[in-house]
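All chains are named by letter (A, B, ...) in the order of the sequence lines, taking the proteins before the strands, and each is independently numbered beginning at 1.
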Amino acid sequence: MLAQYTRLRCFQLTSEMAGQPAGKIHSMPELPEVETMVRDLEGQMVGRRITGVDLPFAAEVKYPDPLEFRDRVVGRTVNAISRRGKYAAFQLDGADVLIIHRGMTGSLFLRNSSDPQEAHIRVLFRLDDGRELRFNDPRKFGSVLLMERSGLERPLPWLRMGPEPLDDEFDAATLRRALARRTALLKPLLLNQSVVAGLGNIYADEALHLARIHPQRRADTLSTHETKRLHAAIRTVLAEAIAGRGTTFSSYRDYEGREGDFQHRLRVFGRTGAACPRCGTAIIKLVVGGRGTHMCPRCQKV
DNA sequence: CCTGGCACCTGCAAGC
DNA sequence: TGCTTGCAGGTGCCAG
């Protein structure tokens, strides 16, 4: 792992977790946002026992069926919390791991049971300290699963996922091998979790800009030098974002909370028409692989 | 196997 | 003001 990545252990509460009024905070759950969440929750939840489960929207649980899910979760203690790609994994005592993917709009709130419930809670875990872990997911794109951590019961969702971009095993040669025979455009490939884990639309755009590579380049046309730049850019962008506790978008809010601050340091994403931080040219937005894509037309030539 | 396109779902913003 | 329309994007499924 990158040195700064392991050294950055901090356990600040997010505004949501601290129980402040929620306002409208929305963080895009890519790798840095999930990493931030996992570190925060680890400091709060390890050792806690789950005493009950509510399923206001049972379809959020993808496996097993709701009755078995509740049966296997209730009474278990959280031993550790980790991350793989965009998945959070709660290691429970016994054989099972509770897996949560936030989809696009999912958030985890840690609140007192007496706190009023938010509008789109899909799964709620009651804890033995009087608090609740609430999975709020307005658009229902998220998923919750429970299975044996051995993967014998059912393949774990990250079985075919690519390498962790901040691990040592992810080097430039690995990235080059993953891209060398691919004819697809670079941007959609970076969003493909089997190439490298954890990138979403924000950090794919940010990494391509930092590497000065056009998102519509065919993957197999990248030179060795360009691949090295892209590899370094992916790690730099993700490490920076983790240091900033992720990117948080808020359409409106009426208080100063402790949300992530990386949205203020984005180079291209969401900055259509604004100046490229490198050359000053206006950032443009196009659609690549069906996704909004932000880039500098001068720094990122085809 | 790979690629590209679309569906899923809902809140929000833009347009009339 | 209030309605309609389109957009946002992670993932899974489908056809070619």
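- A heavy-atom distance below 4.0 Å to DNA chain B is reached by these residues of residues 172-186 of chain A, ordered by number: A:Arg182, A:Thr183, A:Ala184.
- Once the 5.5 Å centre distance and the 30° plane angle are applied, the aromatic ring of A:Phe141 is found stacked with the base of B:dC8.
- Remark: A:Glu35 CD to A:Ile242 CD1 distance equals 5.0 Å, nearest 0.5 Å.
- In this structure, CG of A:Asp137 is placed 17 Å from P of B:dC8, rounded to the nearest angstrom.
- Looking at the side chain of A:Glu30, the nearest of the listed nucleotides C:dT11, C:dG10, B:dG11 is C:dG10.
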Side chain to side chain contact (heavy atoms under 4.5 Å, CB included) between A:Ile50 and A:Phe90, worked out: CA-CA 11 Å; A:Ile50 299 169; A:Phe90 296 71; over 6 Å; no
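- One atom, CG of A:Asp220, and another, C1' of B:dC2, lie 12 Å apart when rounded to the nearest Å.
- Here the P atom of nucleotide C:dG12 and the CG atom of A:Leu145 are 10 Å apart, to the nearest Å.
- Residues A:Asp205 and A:Lys187 are paired through a salt bridge, judged by an N-O separation under 4.0 Å between the basic side chain and the carboxylate.
- In this structure, NE2 of A:His120 is placed 8 Å from P of B:dC12, rounded to the nearest angstrom.
- If you chain together hydrophobic residues whose side chains sit under 4.5 Å apart, A:Met161 and A:Val195 never meet in one group.
- Once rounded to the nearest 0.5 Å, the distance linking CD of A:Glu118 with CZ of A:Phe109 reads 5.0 Å.
- Taking only side-chain atoms of A:Lys86, from C-beta outward, the nucleotide of C:dG12, B:dT10, C:dG10 with the closest atom is C:dG10.
- A:Arg122 has its CZ atom 7 Å from the P atom of B:dT10, to the nearest Å.
- Listed in residue order, the members of residues 285-294 of chain A having a heavy atom less than 4.0 Å from DNA chain C are A:Lys285, A:Arg291, A:Gly292.
- The nearest whole Å value for the distance from the CD1 atom in A:Ile121 to the P atom in B:dT10 is 15 Å.
- For the pair A:Arg122 and A:Phe135, the NZ or CZ position fails the cation-pi test of under 6.0 Å to the six-membered ring centre and within 45 degrees of the ring normal.
- Side-chain atoms of A:Leu189 lie closest to B:dT3 of the nucleotides C:dG10, B:dT3, B:dG11.
- Phosphate contact (OP1/OP2 of C:dT11, side-chain N/O of A:Gln193, threshold under 4.0 Å): present.
- For the pair A:Arg102 CZ and C:dT11 C1', the interatomic distance rounds to 16 Å; values are reported in whole Å.
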Let's go through A:Trp158 and A:Gln193 carefully: what are the C-alpha distance in whole Å and the side-chain angles of both, what is the deciding distance for side chain to side chain contact (heavy atoms under 4.5 Å, CB included) to 0.1 Å, and is it a yes or a no? CA-CA 9 Å; A:Trp158 47 77; A:Gln193 302 297 295; over 6 Å; no
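- Between A:Arg217 and A:Glu226, at least one side-chain N (NZ, or NE/NH1/NH2) sits under 4.0 Å from a carboxylate O, which counts as a salt bridge.
- Counting only Watson-Crick or G-U wobble pairs whose defining distances are both under 3.5 Å, the stems of 3 or more consecutive pairs in DNA chain C are B:2-8 with C:10-16, B:10-16 with C:2-8.
- Regarding A:Leu199, its CG atom lies at a distance of 15 Å from the C1' atom of C:dT11, rounded to whole Å.
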Evaluate the side chain to side chain contact (heavy atoms under 4.5 Å, CB included) criterion for residues A:Thr293 and A:Leu208: first the C-alpha distance (whole Å), next the side-chain angles of each, then the deciding distance (0.1 Å), finally the verdict. CA-CA 10 Å; A:Thr293 299; A:Leu208 286 167; 5.8 Å; no
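- Distance check on atom P: C:dG6 versus B:dC6 gives 15 Å, rounded to whole Å.
- One P atom belongs to B:dG11, the other to C:dG12, and the distance between them is 23 Å to the nearest Å.
- The side chain of A:His101 places an N or O atom within less than 4.0 Å of a non-bridging phosphate oxygen (OP1 or OP2) of C:dT11.
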From CA spacing to verdict: side chain to side chain contact (heavy atoms under 4.5 Å, CB included), A:Leu110, A:Leu127: CA-CA 10 Å; A:Leu110 197 54; A:Leu127 305 179; 3.8 Å; yes
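- Ion pairing between a basic and an acidic side chain is recognised when a charged N comes within 4.0 Å of a carboxylate O; A:Asp40 and A:Arg245 show such pairing.
- Here A:Glu30 does not pair with A:Lys86 in a salt bridge; the nearest charged N to carboxylate O distance is not below 4.0 Å.
- Comparing B:dT10, C:dG12, C:dG10 by their nearest atom to the side chain of A:Lys140 picks out B:dT10.
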